Amino acid sequence: MTLSDVLPGRAIASRIRIGRLPPAGAVIPGLFLVLLILAAIEPRLFTAANPLAIAPREAFQPPGPAHLFGTDQSGRDIFTRVIYGARQSLLLGVGAITVSMSLAITLGVIGGLGGRITQRAVGWTLDVLFSFPTLILALLFASHLGNGIGPLIIATGIGNVPGYARMVLGQVVSARHAGYVEAARALGHSPARIIRRHILPNAMRPLIVTVTMGIGQAIVWSSALSFLGLGAKPPAAEWGTMLSMGRDFVQRAWWMTFFPGLFIVLTTLSTTMFGRYLQRRLEGRLP
Amino acid sequence: MTDLTVRPSLVVEGLAVTLGRGEHRRRVVNEVSFTVAPGKAVALVGESGSGKSVTARSLVGLAGDGADVTARALRYGDIDLSALGERAWRRLRGKDIGFVLQDALVSLDPLRAVGDEIAEALAAHGWGTAASRKRRVLELLDSVGIPEPALRARQRPDQLSGGLRQRALIATALALDPPILIADEPTTALDTTVQAQILALLETIKQRGTGLLIISHDLAVVSRIADEVVVLHHGEAVEQGPTAEVLSRPRHAYTRLLINSVPGARPRKPRAAPTSSDTVLEADGLVKSYVGPDGVGRLAVDDVGFSLRAGRTIGIVGESGSGKSTTARIALGLLDPDHGAVRFDGAPWAGSGEARVRERDRRRQRPHLGVVYQDPLSSFDPRWTVAEILGDALDAGGVPEGEHATRIGELLERVRLPAETAGRRPLQLSGGQRQRIAIARSLAASPKVIVCDEPVSALDVSVQAQVLDLLDDLQRETGVAYLFISHDLGVIRQVSDEVLVMFGGRVVERGPTEEVLGNPQHPFTQKLVAAIPAHVAGLDLVPSGAP
């Protein structure tokens, strides 16, 4: 190894060891996510209004002091609805990624640890599923499972399984062939212990980042399904549904689509940026 | 060829380089001076972190962003290099100063035929036409000793052997016949006999009138072609002078350390006959074949056998692909042989067909057969601290959890590491320290045999010597036997009682180490012995009383 190889490595290591404040790129998204989680747990912290209360006389109010984000065609306060929508969206995001990951990990671990035939079978199945675009796959399940948040979570979750499963499969296979696994074998450890203590933890570690980023992705997917009318039904306060409702008035009341859309973007951006920060931290410390 | 007298020299005087950012900014090269004259070779020798590569890079304007390069004089002929801008550098690089980067596999574009790579070097400086470039490429490949240049020019780097790759890389640097050629570790990671060929090639280039600057960690290797040696230590030139003088009369303690650390400089100390003549590991008629990507079966190991007694060391020496690592894996019971059998500690350990041993039956004995790999880092779980790594090995040996802390302390002491190492991760340790941890791990369950697969190949020479000494001490203390695999006959000489020379999967020569080295019979062994640096083999030039 030469000095020039060593130096950048040292610089990265020390930057983390010093433990100074995380960069703004992590703090701002992190703060946004904390506020979002608070809104999901207790929306009344942010607004006193009722997200479903109709006030026909206040319909189509533009954003202003009385209605921060304006009102919709029935006079419902959009800010309140966006706040209440946070719970649905986060639930969707976290729920869908949980469904995706549990299936993906099961498939990936079975494929990765199994014999050659199992590994091929899983690989082929995933390749076939992978050839369907995610949205088509999700649509397929959504149309069969019906409306509502439960089916939406399952449909979005399953739609993303092939991509994640393939990733898990790759991780497990590479961990399985790692030098430390052979070293553990040579020490005389049992296969069960090697899987438990080496292969699974090392294969799962990079997934922390994937999961964080995946939450934002799942919110986008489920919003898309709601927008297509397969998710939550109006007048439910859900960002995708709100987009779908606002579509008819997009010329007259831009704020009806702008603010739910903005929050979808901000949420996805925040989870992605925060995920990237986690990634940098984990990778900086580990090879 | 240009007349020697008009070929310019590269003059470096008082070179200093500062690198890094913020509090890590420090001077990594300080007051280094030398002159690379036409037809002469200067070697910059030093270990990791000595600043040798940075020095080389500074000379072609590639020291990197944020690097502060200053010098009283930095001249190529009449050109003042310290005043050059990036654009001027690009005109100079390749044409006037050729640079052979370290590690041919990474430095060549993996998706491009090597011929195209060389042609591009020519085209970049507007040399000739497409057709004349093509002819020149074949000429160059031929001149660096690549057989069948027309065929090789169409191949990608991964289709070439390590030696051919290194030659192709040198050909790229030589494309425009630069008066000065800088080569960064040109022979590192190559097999001994290939190393000798590359050195011969560099010698030819030198004799054609090119000025060579060779960067290496290996004093023994470069001393064979260098006219002048500059020994770098922590960025300072601690010693410098004509090669023969530096080697025979080293003035600085660090140079003496380097010279004495050359493996093989100290043959194995004679040891008392083993108190127990128990055979601990025995292999007989091992055969293993592989089916290559082309569907053709190859014998990786062909009729290999040995018998290792307690407290002794058998060395297996051979080049890459000779089957020595496959033999090690069979001995470890990690790979079943096609034919033949292994016995460990008096019981069947590995076999084929009827005699196949189940992994389940091996597991209880495994802790007593240790292993140390070439790359310790990849053999450690990256999430774990040293304490966890050693604890895991103690677990395997059935040591109760409560005793772990004490035993980890003992193990670290055994491998001469401070106790606080326990809390650190392998990534935070140096190469030598990592290898000590790997040795500590293999010692955890009082092993009878440790299989060492190239354990010092990735280490600096001075560290190499320390690790070899440690292995030797441990053998005296514990009576462990080693099966020691290496491509380096010098290393083998230093540690082995008995040596097996492998070539193409077969054992071509075997016997007590000094006998085999003193009177090699097989042509391959003779080549290996010939590749040992003369001043080491003869031992005459090593000063007495040195550390």
Side-chain angles (χ1 to χ4, degrees), chain A residues 1-20 23 115-116 171-172 174-209 278-279 281-287, chain B residues 19-24 28-29 48-54 56-57 63-64 67 102 184-185 215 235 329 332-334 359-360 362-371 373 375-384 389 392-393 395-397 425-428 431 438 441-442 444-445 451 458:
Chain A
M1 199 189 294
T2 62
L3 196 68
S4 52
D5 296 333
V6 174
L7 280 180
R10 267 191 206 151
I12 291 165
S14 60
R15 219 178 296 150
I16 289 156
R17 211 178 312 124
I18 293 165
R20 60 174 192 212
R116 205 170 349 158
Q171 293 290 346
V172 173
S174 80
R176 185 185 175 176
H177 293 117
Y180 49 81
V181 167
E182 187 175 293
R185 249 185 92 194
L187 280 173
H189 285 308
S190 67
R193 180 179 160 128
I194 294 176
I195 292 172
R196 201 176 63 241
R197 300 203 54 180
H198 291 290
I199 300 182
L200 291 185
N202 278 296
M204 296 310 146
R205 174 171 212 96
L207 297 181
I208 299 169
V209 178
L278 282 180
Q279 189 172 31
R281 280 211 54 152
L282 292 174
E283 281 177 1
R285 200 151 46 83
L286 296 164
Chain B
L19 277 183
R21 222 181 292 168
E23 56 177 307
H24 297 285
V28 293
V29 176
S48 326
S50 63
K52 58 187 190 301
S53 285
V54 185
R57 289 170 167 276
Q102 193 175 354
D184 194 356
E185 299 277 5
I215 319 299
R329 297 197 70 216
L332 280 164
L334 292 170
E359 178 62 24
R360 193 181 287 275
R362 262 193 297 250
R363 212 171 288 149
R364 211 169 34 82
Q365 273 281 50
R366 276 205 179 279
H368 305 300
L369 179 58
V371 55
Y373 294 102
D375 174 16
L377 193 58
S378 74
S379 78
F380 300 136
D381 193 312
R383 300 167 303 133
W384 285 4
I389 290 164
D392 192 49
D395 259 350
R425 280 172 214 280
L427 204 62
Q428 303 166 322
R441 173 170 67 180
S442 72
V451 176

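In what follows, every chain begins at residue 1, and chains take the letters A, B, ... in the order their sequences are listed. These numbers come from a predicted model, not from an experiment.
- With a 4.5 Å cut-off on non-hydrogen atoms, B:L369 touches chain A through its backbone but not through its side chain.
- Contact of the A:Y180 side chain with the B:R383 side chain is not registered, since no non-hydrogen atoms from C-beta on lie closer than 4.5 Å.
- Of the listed residues A:A178, A:P201, A:P191, the one with more heavy-atom pairs under 4.5 angstrom with chain B than any other is A:P201.
- In this structure, chain A has a heavy atom under 4.5 Å from the side chain of B:R329, while its backbone stays farther away.
- Scanning both residues, B:P367 and A:L187, for their nearest heavy atoms gives CG-O, 3.4 Å.
- Of all the heavy atoms in B:S379 and A:A183, the pair that sits closest is O-CB, 3.6 Å.
- B:E359 touches chain A through its side chain: at least one heavy atom from C-beta onward sits under 4.5 Å away, while N, CA, C and O do not.
- A salt bridge links B:D395 to A:R193: one of the charged nitrogens lies within less than 4.0 Å of a carboxylate oxygen.
- Options B:I389, B:D392, B:L334 differ in how many heavy-atom pairs under 4.5 Å they form with chain A, and the most are formed by B:D392.
- To the nearest 0.5 Å, atoms CZ (A:R185) and CZ (B:R366) are separated by 6.0 Å.
- Here the closest non-hydrogen pair linking B:V371 and A:A186 is CG1-CB, 3.7 Å.
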